[in-house]
Amino acid sequence: MTARAYYLSGLFGLAGILVGAFAPYVGQSIRGAVGFRPPPGIDQARAADGADIRLGGGAGKSVKGARNTPAADESRAAEGLIKLTQDQISAQEIDVATVQGGFLSRHIIVPGTISPDVNRIARVPARVVGTVAEMRKQLGDMVTKDEVVAVLDSREVADAKSEYLTASVNFDLQKTNFERAQGLWDKRISAEQQYLQVRASFSEAQLRVDLARQKLSALGIDAAEVANAAKEDTAGSGQSSLRKYELRSPMPGRIVDRKVDVGTAVGKEGDPADLYTVADLSTVWIDLTVTPGDLGKIREGAKVSIATNDDDSKRAEARIMFVSPILNSETRSARVIASLANQDLSWRPGSFVTAEIEIGREQAKFLVPRAALQTISGERVVFVRKPEGFQRRDVKAGQADDAVVEILSGLSSSDKIAVKNTFLLKAELGKTEAKHDD
């Protein structure tokens with residue numbers, strides 16, 4: 001090859017290199033000159049990636065960040081919204097309540113035992129020596145105050161009644177003699193000595209009848225009833241009432257213990273002292289065992305929530321009525337007693353219970369029931385009522401007790417929130433967000 005050929009070959013190679021380097025710029029100029037536009041899909045794809053795209057032959061308008069559109073903003077606003085009609089809300093039993101303030105209770109938990117109120121227990125004693133003739137009440141029977149529950153046959157009672165009746169008859173006789181002697185003495189018909197003797201006999205008779213009446217009273221027997229019964233016996237009833245001794249209930253209540261049967265001897269040393277035990281269980285005591293460390297926190301009059309160990313759903317409220325100042329030398333614990341109303345007799349003495357004793361109260365601006373709170377992705381949330389349904393609302397929770405939780409931020413006093421079956425809203429929200437992600 002000649003030198004001229006080599007020269008031309010190098011010249012053409014250099015020209016090719018220059019054309020390749022400037023070809024993109026030349027192509028862009030040509031596209032702009034003829035009004036060429038790239039396909040719409042290309043621009044949209046680049047815009048979605050946030051690319052800096054200039055359209056219209058260098059018009060200079062950037063569409064970087066094209067995702068921030070009004071449609072995107074509305075989508076974000078709808079996040080956390082659960083659309084439900086009022087009928088759907090009612091069908092799922094989702095209760096709604098207005099946010100309110102209140103008090104948080106601090107308490108300690110201690111074990112306890114139900115026992116009868118010692119002020120409401122009475123025994124029916126025999127009082128006299130005798131034999132049980134009648135037992136008019138059975139276990140479990142209700143009795144009223146002064147109702148006859150048993151009858152004894154007692155020689156001791158017969159002697160006391162006879163003594164009173166004899167003293168009464170003698171008193172009436174001496175009274176008549178005294179009134180006659182006093183009339184004669186006033187007219188100076190009888191001697192003074194005779195008058196004074198009659199007066200002394202009358203005074204003695206009066207003293208004897210008073211002593212006999214007091215003896216009957218000590219046995220719980222009405223002297224007037226004895227006198228009336230004696231008249232009926234005289235009238236020919238056929239049976240003497242002198243040996244009968246009626247035992248009466250000292251208080252209203254229920255027969256909880258029966259200790260003797262008909263024919264049992266009572267009243268002597270070694271014999272049963274009582275026939276019945278009557279208890280009024282409309283109020284019972286809760287015996288609580290409290291350690292010295294907690295004793296200083298408890299005050300008389302404090303509220304106590306009582307729950308049975310067998311059924312935690314069965315609860316009642318009691319009040320502390322006594323805090324012992326003395327520690328048990330063996331257990332190193334103190335006795336605390338709470339009084340509990342028991343009108344339906346459902347709290348049985350001897351049962352074990354758990355007691356929550358209130359030891360303090362703190363006021364909170366916003367309180368919501370525990371059931372109103374749910375945890376989603378580690379955040380505590382409530383569901384605020386909206387016209388369309390419920391809106392998720394993130395909140396900051398504070399202190400809590402067994403029933404309510406303090407809300408430090410995220411709610412206002414005008415908000416109405418779901419307070420029951422909120423787990424259904426949580427599940428529905430999960431479905432909605434899953435559809436949105438798809």
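Worth saying up front: this structure is predicted, and the values here are computed from it rather than measured.
- Around CD of Glu300, the count of heavy atoms belonging to other residues, nucleotides or ligands within 6.0 Å exceeds 12.
- Shown here are the salt bridge (charged side-chain N to carboxylate O under 4.0 Å, His left out) partners of Glu317, two or more places apart in sequence or in another chain: there are none.
- With hydrogens and angles ignored, the 3.5 Å screen pairs no side-chain donor or acceptor of Ser339 with any backbone N or O of Arg319.
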Let me check something: any side-chain donor-acceptor pairs from residues 217-226 under 3.5 Å, sequence neighbours excluded? List them with distances.
{"from": "Asp222", "atom 1": "OD1", "to": "Ala224", "atom 2": "N", "distance (Å)": "3.2"}

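- In terms of modelled atom types and a separation under 3.5 Å, the side chain of Arg393 and the main chain of Gly410 share a donor-acceptor contact.
- Under the salt bridge (charged side-chain N to carboxylate O under 4.0 Å, His left out) criterion, Arg136 pairs with Glu134, sequence neighbours left out.
- Using a 3.5 Å distance cut-off with no hydrogens or angles, the side chains of Thr85 and Asp87 do not pair a donor with an acceptor.
- Judged purely by atom type and a 3.5 angstrom limit, Lys416 has no side-chain atom pairing as donor or acceptor with the backbone of Thr98.
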Contacts table for residues 252-261: side-chain donor-acceptor under 3.5 angstrom, sequence neighbours left out:
{"from": "Arg254", "atom 1": "NE", "to": "Gly140", "atom 2": "O", "distance (Å)": "2.9"}
{"from": "Arg258", "atom 1": "NE", "to": "Val260", "atom 2": "O", "distance (Å)": "3.2"}
{"from": "Arg258", "atom 1": "NH1", "to": "Gln138", "atom 2": "OE1", "distance (Å)": "2.8"}

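- Residues meeting the side chain to side chain donor-acceptor pair (under 3.5 Å) test with Ser346, sequence neighbours left out: Asp344.
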Query raised in the report: Going through the checks in order, is the side-chain contact (heavy atoms from CB on, under 4.5 Å) test met by Ile359 and Asp294?
Result: CA-CA 9 Å; Ile359 59 174; Asp294 293 329; over 6 Å; no
Query raised in the report: Should Arg213 and Asp210 be marked as a salt bridge (charged side-chain N to carboxylate O under 4.0 Å, His left out) after you check the CA-CA gap, both sets of side-chain angles, and the distance that decides it?
Result: CA-CA 5 Å; Arg213 184 183 293 109; Asp210 289 341; 3.1 Å; yes
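- Partners of Ser201 according to the side chain to side chain contact (heavy atoms under 4.5 Å, CB included) rule, which considers only residues two or more places apart in sequence or in another chain, are Gln174.
- At distances below 3.5 Å, not a single donor-acceptor pair connects side-chain atoms of Asp415 with backbone N or O atoms of Val99.
- Note: Leu139 CG to Tyr276 OH = 8.5 Å, rounded to the nearest 0.5 Å.
- Listed for the Thr422 side chain is a donor-acceptor partner under 3.5 Å among the backbone atoms of Ala371.
- The 12-atom threshold is exceeded at CZ of Arg370, counting heavy atoms of other residues, nucleotides or ligands nearer than 6.0 Å.
- Shown here are the side chain to side chain contact (heavy atoms under 4.5 Å, CB included) partners of Glu93, two or more places apart in sequence or in another chain: Lys420, Asn421.
- When atom types are taken as modelled, the side chain of Lys161 and the backbone of Lys244 share a donor-acceptor pair closer than 3.5 angstrom.
- Of the possible donor and acceptor atoms, none in the side chain of Asp153 sits under 3.5 Å from a partner among the backbone N and O of Ala133.
- Under the rule for a side chain to side chain donor-acceptor pair (under 3.5 Å), Thr277 has no partner lying at least two apart in sequence or in another chain.
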Which donor-acceptor pairs under 3.5 Å do side chains of residues 375-385 form with protein atoms, sequence neighbours excluded?
{"from": "Thr375", "atom 1": "OG1", "to": "Arg380", "atom 2": "NE", "distance (Å)": "3.3"}
{"from": "Arg385", "atom 1": "NH1", "to": "Gly389", "atom 2": "O", "distance (Å)": "3.1"}
{"from": "Arg385", "atom 1": "NH2", "to": "Gln86", "atom 2": "OE1", "distance (Å)": "2.9"}

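- In this structure, a donor-acceptor pair under 3.5 Å is absent between the side chains of Asp117 and Thr283.
- In this structure Arg127 satisfies the side chain to side chain contact (heavy atoms under 4.5 Å, CB included) test together with Pro125, Tyr245, sequence neighbours excluded.
- For Arg348, the side chain to side chain donor-acceptor pair (under 3.5 Å) test picks out no residue, with sequence neighbours left out.
- Listed by chain and number, the residues in a side chain to side chain contact (heavy atoms under 4.5 Å, CB included) with Ser329 amount to none (sequence neighbours excluded).
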